[in-house]
Structure formats: structure tokens, C-alpha cells
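See structure below.
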Amino acid sequence: MALNVYNYLTRDKEPFNPITEGEVKMYVCGPTVYDHAHIGHGKTYTSMDVIVRYLRYSGYRVTYVQNITDVGHILDTGEDRILKGARRDRIEPMQVVETYMRSYLDDMDALKNTRPDIMPRAAAHVPEQIEATEKLIELGHAYEANGSVYFDVKSWENYGRLSGRKIEEQEESGRIETRTEKRNPEDFALWKAAPPEHILQWHSPWGRGYPGWHIECTAMATKYLGETFDIHGGGLENMFPHNECEMAQSEAMTGKNYSNYWLLTGSLTRDGVKMSKSLGNSLRIADLLKQYPAEVLRLFVLSAHYRGPIDISDDAIVAAQKGWERLVGPYNQAKQMLSAGAADSDDSGIDAIIADTKAKFIAEMDDDFNTPKAIAHLFDFVHKANTILNGDVPVAASTLEALVAMYDELVEGVLGLLPSGAGQGDETAAERQDGLIKLLIDLRAQARVNKDYATSDQIRDQLKELGVSLEDGKDGTKYRIAS
RNA sequence: GGCGACGUGGCCGAGGGGUUAGGCAGAGGCCUGCAAAGCCUUGUACAGCGGUUCGAAUCCGCUCGUCGCCUCCA
């Protein structure tokens, strides 16, 4: 079965056909770096990360571009967000940008989101944005007024195609601010004249100023991916006005389709309400990562469909944590069984189960990246694997290796859900730790044979305090390390 | 006021005209020195009211409710 995706442009699920066979050009709206990232960003970019991972797993060569907005845009109070951040932190605007961009990248790395191939910064693409604005003026889709340039929405009949909004309806709503210098209230800025005190400003054919919010994506996406590319991703809450304006000006400029597919992610709420600065209910990614492993946060995000909303609560994350430990159980157990030495052959039939799980996983992912269902199939596998691994019949090394390979391929490769950290960076330390724990397990086994349960329980309890849980089974004691 | 989503068992969340989602929590049992983990068994779910249909949680209409966007926002 081939990949099908839900395209917001048509509001329908469609077969995915890239422009160039085997290649995918993908653009995702990145963050404005004026504060630390919160878990809402985590949801959007982890969803996009899994889409990229799956496209690559499916054999596509993906070019993944995600911008960094470091120009700053006007708040309703007339204040620039980045300038506001600078004033708050008493530093230069570009220090704000650098600080929070690095913080953002740290958070994304910690969440195991694959780095985009190109992360263009808006401030470094002002000439491209001016060029795009000039072209729109030439083509009669934009006009200058008092040193600012506006896109003329009435010159582009497809305006409203993505979000489904009609200009007339906007006018009727009566909530569009009236700016006398605009021809239509809905016209949006491509370039804004800057007052002298505005720190971030550049030369332009229209005097000193700075670019409008939407034009950066047009300039950078077309520069790195071409005038028409395959996928545009981002958060659903940016569909209007940002994506709508972006698409209108891009297509007006090139006369071609902008992005063939629009994949937008649902928003994240906290205990039922959206995160916002004013409510003070933002949860920083960095703070959450102090409490939970990245994989738990990823499983939490991926356990709901990317297009849907998701509500974060303590109960939900704790449930995700328990679920994750169960999901990863057979992998850890198989690894330990392998290091302990396994049988030469068995007739567990696990090869067929693995093949079946993989086929189901792929079928679900092919259906608009249905991670909740794909993960449900993995849990079905966990159930079957546990039965085999804990049964009376010895399991062959080849069986264990096949299981580990499937986990590496799907659970880690596509979803990024295998435990990171211990053992991966420092092999000798991990081996030493493994040896020490096994030594304690042996000592405890002797104590148990002698019915010296005080000693055996002491070993178990103290290891538990160190984050190492011991589990007695038929074939001896296994351990697991808390993350 | 306009546009748009959505309302699923104690909780989180898929699915979607007749046939098991899955996870967490709970109950009983097996195993265990005791635990833990695992295994087996166990859940009268689909907001309400109408309609279409042999049959609706799934389609249509209305009502109620929640949320998002319409101003910067992932």
C-alpha cells in the first residue's frame, strides 16, 4: 500500500506523489526565537520529525527545511516581540535571538527530533524578501504606501483557498483593524517602514524598514526548495493568517502552485486550555525533560494523531511513562538474554510475528501517519513477545536478534522511542555497569539459596534506590535501569 | 459576530453503517520466599433528541457542551 496523506489544501486524504520520484522537498514553519520552547512546540516538531523519519524509512530522499524567525514582528501593542525580549532580558536583540535559538535547538535535540537539513534565518534573508516584494509590486499584486508595502488581496482570487475564509466574511466580522494606508483592510504587510528607534531595520527601495511576517517563508522556501515543492508543514493555528498569506503571495509571485501538500498539526492544550504566556501555564520542554525521558514525551505526543489536538496532564504523561516501559520491555529483555547467551535455534515462530507487525505498522503509517494505530500494533507485538520470551521454551539468538532489529528499525528508527543514554556513548562504562549488577545478582541468588532473605532484599532494595530494578524469573534474575 | 474542529468505557486515546483498537488505572487467578515483571480471565463506551436504514456509536438534521482560529503564537 502506498502512502496517503491528509492534505489541508483539498481537505481530503490523497495518495502522496512527490514532484520528483523518490524525492521529497519539505518546508516547516519554525519558531520565533524570543523565549524558551514549550511542549506545544515539542508536539508540532516531534510530529513533523516522525513524518520526516517515516518518509526516509519509506525510501524517500527528503530535504527538510525549517526556518528560524529572528526578525521579530509587531505585537498588537505595537511592540516587537524580539525587542520586547531584549528589553526584558536587558540585552541586544540579536543576543535574544542567539540565546533562544540555541535553547530551541537544545530542546529539539533532547527530544530526539532530527535536525532539519537547512535552518534558514529570516534576518539573513532580507535581500531575498525585498526581491520577492519587488516582484509582487511589478506584477501588480502589491503596492507601496508611506514606506510600507502591502499585498493586495483583491488582486489574487485564490486568497482564502487554504483556510476557507472569504474576504467578504472577514469584512462582515468587523474585527479587521482599519489602516488608512491599506487599500483593503485584509491587505497584509510585505514590508514595514521602521521608525528611527526601531532597532532591527534594513535598507530597502522603500526606505528603512523590516520585512512582514509572511514573506520570509515565501523567500526561504522557494530559495531552497524551488517555486513548487511537495510538503508544507506547521501548526494548524498558523493556517490563518500566516499560511494563507504565505501561499497567496508565493503563488501570485511565481504563477505556480506553492506546496502540493499541506500537513498541519493540531494544537496542544494543558488541562483543557491552550498554553499562553498570559495564563502562565506554559510547560517548558527543558523542565519536562527533568521529570521524564524524552521517549516518554514522544510516546505521549505520538499516542494521538498528529492532526488532532492533545491535552497534557500529569495523568496522561504518567500513563505514557508506564506504557513506554511496557513497550520497551521485550527489547531490554532480548538484549540481556543475548548477552547471557542464547540457544542455537527455536521454533517460536517469531519471524512471522515480526513480519506481521511490520506490515501492520507500515500500513498504518502509510495511512496519514497514524502513529496511535501503529503503536497499538507494537503493543500487540509486546504481548506476543512477552509470552515467548518468558515461556518455558528456550529462545534462539537469531530470534532475539530479529526482535532487536525490528525495534531498532521501527521503534527507534521511525518513532525515536528506544531508551537513549546509558550504554550508547560509553561502551566500556556500560559493560562495567552490567558486570557489577550481574555480580550483585549472583550474590543475591546465593543468599536466596541460603534463605537469607534479609540480605537478598537488601541488595534488591538498595539497587532499587539506585534506579536498578531486579525482576526474578524462571531463568534467573533480570534487571532494568530506570531512565 | 464569522470560520473550523470535536464530544468514545474511571482516565488517555484510535476506529467508523452489522464482526477485539491500544495504553493507564481496577478486579480475580497463575508464577514468586516476598515483591516486581510477565501470563490467563475480567469492561452493558460511543453528549442529547429526531431522521435515513433490515440494522447507527459510525450517515443526515437540530440541540447542548468543549476547544481552536479570526491580533503574535507550534
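Just so you know, these numbers come straight off a predicted model, no measurement behind them. Every chain is numbered from 1 and lettered A, B, ... according to where its sequence line falls, protein lines coming before strand lines.
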query = With a 6.0 Å cut-off on ring centres, are A:Tyr6 and A:Tyr8 close enough?
reply = yes
ask   = How about A:Tyr100 and A:His36: are their ring centroids closer than 6.0 Å?
value = yes
message = Can you confirm whether A:Asn243 sits close enough to A:Ser163 that some side-chain heavy atom of one is under 4.5 Å from a side-chain heavy atom of the other?
response = no
Nucleotide [N], atom [atom2] - distance to [atom1] of [X] in whole Å:
X	N	atom1	atom2	result
A:Tyr453	B:U32	OH	P	11 Å
A:Asp457	B:U32	CG	C1'	12 Å
A:Leu268	B:C12	CG	C1'	13 Å
A:Glu237	B:A74	CD	P	7 Å
A:Phe361	B:A21	CZ	C1'	16 Å
A:Asn370	B:G13	CG	P	14 Å
A:Leu283	B:A74	CG	P	16 Å
A:Tyr8	B:C3	OH	P	18 Å

Of the nucleotides [options], which has the atom closest to the [X] side chain?
X	options	result
A:Thr32	B:G15, B:C39, B:A74	B:A74
A:Pro372	B:A14, B:G33, B:C70	B:A14
A:Pro241	B:C70, B:A14, B:C67	B:C70
A:His38	B:C34, B:A14, B:A74	B:A74
A:Arg460	B:C34, B:G15, B:G68	B:C34
A:Thr44	B:C39, B:A14, B:A74	B:A74
A:Ala304	B:C24, B:A74, B:G13	B:G13
A:Pro31	B:G33, B:A74, B:A37	B:A74
A:Asp311	B:C34, B:A14, B:G13	B:G13

Counting the atoms with a prime plus P, OP1 and OP2 as sugar-phosphate, which does [X] contact under 4.0 Å by heavy atoms, base, sugar-phosphate, or nothing?
X	answer
A:His242	nothing
A:Thr265	nothing
A:Phe300	nothing
A:Gly30	sugar-phosphate
A:Thr387	sugar-phosphate
A:Leu389	nothing

request  = Identify the residue among A:Leu415, A:Asp366, A:Leu410 that makes a side-chain contact (heavy atoms from CB on, under 4.5 Å) with A:Tyr54.
outcome  = A:Asp366
Indicate yes or no: does [X] engage [Y] in a salt bridge with an N to O separation below 4.0 Å.
X	Y	value
A:Asp461	A:Lys464	no
A:Arg102	A:Asp106	no
A:Lys360	A:Asp356	yes
A:Asp367	A:Lys13	yes
A:Lys438	A:Asp434	yes

query = According to the interplanar angle, ranging from 0 to 90°, do the rings of A:His242 and A:His214 count as parallel (below 30°), tilted (30 to 60°) or perpendicular (above 60°)?
reply = tilted
query = Parallel, tilted or perpendicular for A:Tyr331 and A:Tyr407, by the 30°/60° rule?
reply = tilted
Below 3.5 Å, does any donor atom in the side chain of [X] face an acceptor in the base of [N], or the other way round?
X	N	value
A:Asp472	B:C34	yes
A:Asp315	B:A25	no
A:Arg326	B:A37	no

ask   = Any side-chain donor-acceptor pair under 3.5 Å between A:Tyr479 and A:Gln336?
value = no
ask   = If we ignore angles and hydrogens, is there a donor and acceptor under 3.5 Å between the side chains of A:Thr63 and A:Asp117?
value = no
Separation of the [atom1] atoms in [N] and [M], to the nearest angstrom:
N	M	atom1	value
B:C24	B:G38	P	8 Å
B:A21	B:A47	P	16 Å
B:A25	B:C12	C1'	11 Å
B:A56	B:U52	P	11 Å
B:G65	B:U8	C1'	15 Å
B:U58	B:U19	C1'	14 Å
B:C60	B:G7	P	14 Å
B:G1	B:U63	P	13 Å

Residue mapping more 5' on RNA chain B - nearest nucleotide basis, A:Leu236 or A:Glu471 = A:Glu471
ask   = Between A:Leu470 and A:Ser163, who's closer to the 5' end of RNA chain B by nearest nucleotide?
value = A:Ser163
So which protein N/O to nucleotides 5-10 of chain B N/O distances come out below 3.5 Å?
none

Look at [X] and [N] and indicate whether a side-chain polar atom (N or O) is within less than 4.0 Å of OP1 or OP2.
X	N	result
A:Lys322	B:A25	yes
A:Asn390	B:C39	no
A:Arg307	B:G13	no

ask   = Can you tell me if CD on A:Glu98 sees more than 12 non-hydrogen neighbours from other groups inside 6.0 Å?
value = yes
message = Using side chain to side chain contact (heavy atoms under 4.5 Å, CB included), reason through A:Thr357 and A:Asp380 one step at a time and then give a plain yes or no.
response = CA-CA 8 Å; A:Thr357 302; A:Asp380 287 340; over 6 Å; no
key: Dot-bracket encoding of pairs in RNA chain B, which uses [ ] for pseudoknotted crossings and | for another strand, Watson-Crick or G-U under 3.5 angstrom   = (((((((..(((.....[...))).(((((.......)))))....(((((..]....))))))))))))....
task = Would you jot down, in residue-number order, the residues of residues 374-385 of chain A having a non-hydrogen atom under 4.0 Å from RNA chain B?
result = A:Ala376, A:Phe379, A:Asp380, A:His383
task = Given ring-ring contact (aromatic ring centres under 6.0 Å, His included), test A:Tyr258 with A:Phe229 step by step and report yes or no.
result = CA-CA 6 Å; A:Tyr258 183 52; A:Phe229 52 93; 4.9 Å; yes
